[in-house]
Every structure is written in structure tokens, then in C-alpha cells.
Amino acid sequence: MDPSLQNIVVLLGVLFPLLTAAYRNGRVEAACMTMEPGHEVAGQTTDPPYSLTMSKSNYSDGEELTVTLSTNPGAVQFRGFLIQARAGNGKTPLGSFKISGSDAQTLKCTTDASAVSHTSNSNKTSVQVTWVAPRINMSDIQLRATVVQTKLIFWMPVYGPTLNYTGSGAGQISAPSLSQLLLCSTVLLPALFRL
Ligand SMILES: *[C@@H]1O[C@H](CO)[C@@H](O)[C@H](O)[C@H]1NC(C)=O
Ligand SMILES: *[C@@H]1O[C@H](CO)[C@@H](O)[C@H](O)[C@H]1NC(C)=O
Ligand SMILES: *[C@@H]1O[C@H](CO)[C@@H](O)[C@H](O)[C@H]1NC(C)=O
Ligand SMILES: *[C@@H]1O[C@H](CO)[C@@H](O)[C@H](O)[C@H]1NC(C)=O
């Protein structure tokens, strides 16, 4: 065999299991842009047997919404997923995610925690994460998921509802009110003066 070809074969032999392992543990940063699992097959074209739902269909600046990816009744459970929020045909992930269970992990796609993925290839009926909305009015922002059932069977994108912006509010960290400041200073001042 040609020595350089031999090198390539050896390299592939080393890399391929690494890549496969990477997908199994959900470190799928390589799929950030396309959101494709990279299984060398096309996604299913039938209606996805999974649903991506949100606790609300609108958001305010920095508001936290609960996101649920679930298996429809009677359907085969899923093993892998990648979830991002994007606006229209945009490629930039928006907002960030927080996780609570061990089934999900955040990924740094553009910014920290701008995507979430699975942590193992176990069968999952549903997974829940928190999405922290951006502080910007995007008119057609939607969460979207790639959902992997088996290595060769996946659906993408599975869309969440289109979210409307309701302005600044709930999610914003409010400045302390004047009365809070006054209360604070009346409590603190005597203590400071005793020094
Ligand atoms: C936002 O969504 C919630 C629940 O989905 C709804 O009750 C509320 O009226 C909506 N607010 C606006 C301003 O559309
Ligand atoms: C996951 O579910 C599939 C289909 O129901 C089944 O064939 C497979 O054995 C399950 N895998 C595990 C790890 O439980
Ligand atoms: C979002 O806004 C559009 C345009 O104002 C409106 O038609 C639609 O009903 C709104 N959707 C929700 C879920 O509030
Ligand atoms: C957000 O942008 C849309 C489209 O430009 C506009 O119709 C809507 O009034 C804006 N919402 C807020 C709360 O500013």
C-alpha cells in the first residue's frame, strides 16, 4: 500500500471511533451550524414523532421559558438531540440554555450555552431544559431541534412555537427601588457609624 494512503487509513481508523464516541456523548459542537447529526444519511421526511413545546409562546428580555422535547404517545423514544433557538432562516443561535437534569448538557456554539444536547445514547421519553431569551425583539424566533431515534433515523428540524416579543419586563433585573435603598441605608448607617 502507498505509505501516504496507509497513513490516511490509520488516521481514519483512529478518528472514526472518536467521532462516533463524540456523537454518543452529545459533544456535537461540529453540528452547531447545520444541526445535522452527520450520520451520512438524510433526515426523515415524515411528520416528526416528537414535539418541542414551550411554557409560553412569548418572551420578554431575558425571560426564562421551560422547553420540553417529548416523544409523542406510542412513538419510539429518542436517544440524541440538539436544540437551538434561531430567528427565521438565521443561523445564529439566540439566547442561552440552563439545564437541571443529567440528560442534557449545554454547548458553546457561538456564545456559551447557546445550544443543548444529550449526554448519552440512552432512550429518552422526554427532556426538559430552560431557555433564557435574548434581550432583543426578534419577530420570528423559534426553538428547533434535531431529534435522533437511532443512528440512521432522525428528524430535523422539529420546531417549537413561534415566539412573540412582549417587551422589557418580567425577566429584567429591576433596579432597587428608592424605598429599598432608604431601608438599606437606615439599616447600614448606624452600623457603619459605630465603627
Ligand atoms: C404571553 O403568553 C401567555 C401564555 O402563553 C399568555 O397568557 C399571555 O397573554 C401572552 N402575553 C402577550 C402579551 O401576548
Ligand atoms: C432503545 O429503544 C429501542 C427501540 O425501542 C430498543 O431497540 C433498544 O434496545 C433500546 N436501547 C436501550 C439502551 O434501552
Ligand atoms: C404573534 O404576533 C403576531 C403578529 O402580531 C400575531 O398574529 C400572533 O397571533 C402572535 N402570536 C402569539 C402566540 O401571541
Ligand atoms: C417587535 O417587533 C415587531 C416587528 O417589528 C413589532 O410589530 C412589535 O411591536 C415589536 N414589539 C415590541 C414589544 O417592541
Side-chain angles (χ1 to χ4, degrees), residues 17-28 37-105 116-156 158-175:
L18 279 181
L19 282 177
T20 315
Y23 288 119
R24 199 176 300 142
N25 69 19
R27 303 302 311 178
V28 293
H39 292 161
E40 313 297 336
V41 290
Q44 301 293 304
T45 52
T46 53
D47 279 348
Y50 308 105
S51 305
L52 192 58
T53 56
M54 310 281 299
S55 52
K56 286 176 80 179
S57 51
N58 54 49
Y59 73 95
S60 58
D61 287 338
E63 189 174 2
E64 297 190 355
L65 275 66
T66 303
V67 183
T68 308
L69 173 62
S70 55
T71 303
N72 293 347
V76 175
Q77 293 170 304
F78 61 94
R79 296 188 194 179
F81 60 89
L82 175 65
I83 307 175
Q84 289 181 8
R86 292 181 177 186
N89 295 323
K91 295 262 183 261
T92 312
L94 299 163
S96 61
F97 290 91
K98 288 182 180 175
I99 49 143
S100 44
S102 57
D103 277 343
Q105 63 189 326
V116 275
S117 68
H118 56 279
T119 51
S120 81
N121 65 346
S122 67
N123 286 325
K124 290 168 266 288
T125 304
S126 75
V127 64
Q128 208 163 62
V129 298
T130 300
W131 179 67
V132 185
R135 295 171 182 276
I136 184 173
N137 182 2
M138 305 291 295
S139 56
D140 50 1
I141 190 164
Q142 241 176 334
L143 270 79
R144 56 203 68 195
T146 299
V147 189
V148 179
Q149 189 175 87
T150 67
K151 196 162 188 280
L152 300 177
I153 304 179
F154 66 91
W155 281 261
M156 71 165 281
V158 176
Y159 285 113
T162 303
L163 306 173
N164 282 350
Y165 180 71
T166 55
S168 58
Q172 226 165 20
I173 298 158
S174 58

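All figures in this text were calculated on a predicted structure; none of them were measured in a lab. Counting convention: from 1, in listed order, for ligands and their atoms alike.
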Distance filter under 4.0 Å to S57 heavy atoms, resulting ligand 1 atoms: 5 (O)

Test of proximity, T166 against ligand 1: N or O pairs below 3.5 Å: no

Proximal ligand 4 atoms for G167, defined as those under 4.0 Å from one of its heavy atoms: 13 (C)

Heavy-atom donor-acceptor pair, Q84 side chain to L94 backbone, under 3.5 Å: no

Atom 3 (C) of ligand 2 [closest protein heavy-atom partner, distance rounded to 0.1 Å]: N123 ND2, 3.8 Å

Under 3.5 Å side-chain donor-acceptor pair for S70 and T68: no

From CA spacing to verdict: side chain to side chain contact (heavy atoms under 4.5 Å, CB included), I83, W131: CA-CA 10 Å; I83 307 175; W131 179 67; over 6 Å; no

Atom 7 (O) of ligand 2 - nearest protein heavy atom and its distance: R79 NH2, 4.7 Å

Any donor-acceptor pair under 3.5 Å from T130 side chain to E64 backbone: no

Atom 9 (O) of ligand 2: any protein heavy atom closer than 4.0 Å: no

Atom indices of ligand 4, in the order listed, that fall short of 4.0 Å to a heavy atom of N137: 1 (C), 2 (O), 3 (C), 8 (C), 10 (C), 11 (N), 12 (C), 14 (O)

Any Q149 side-chain heavy atom under 4.5 Å of Q44 side chain: no

Side-chain (T71) to main-chain (T125) donor-acceptor, under 3.5 angstrom: yes

For atom 5 (O) of ligand 2, the protein heavy atom that lies nearest, with its residue and separation: V76 CG1, 4.3 Å

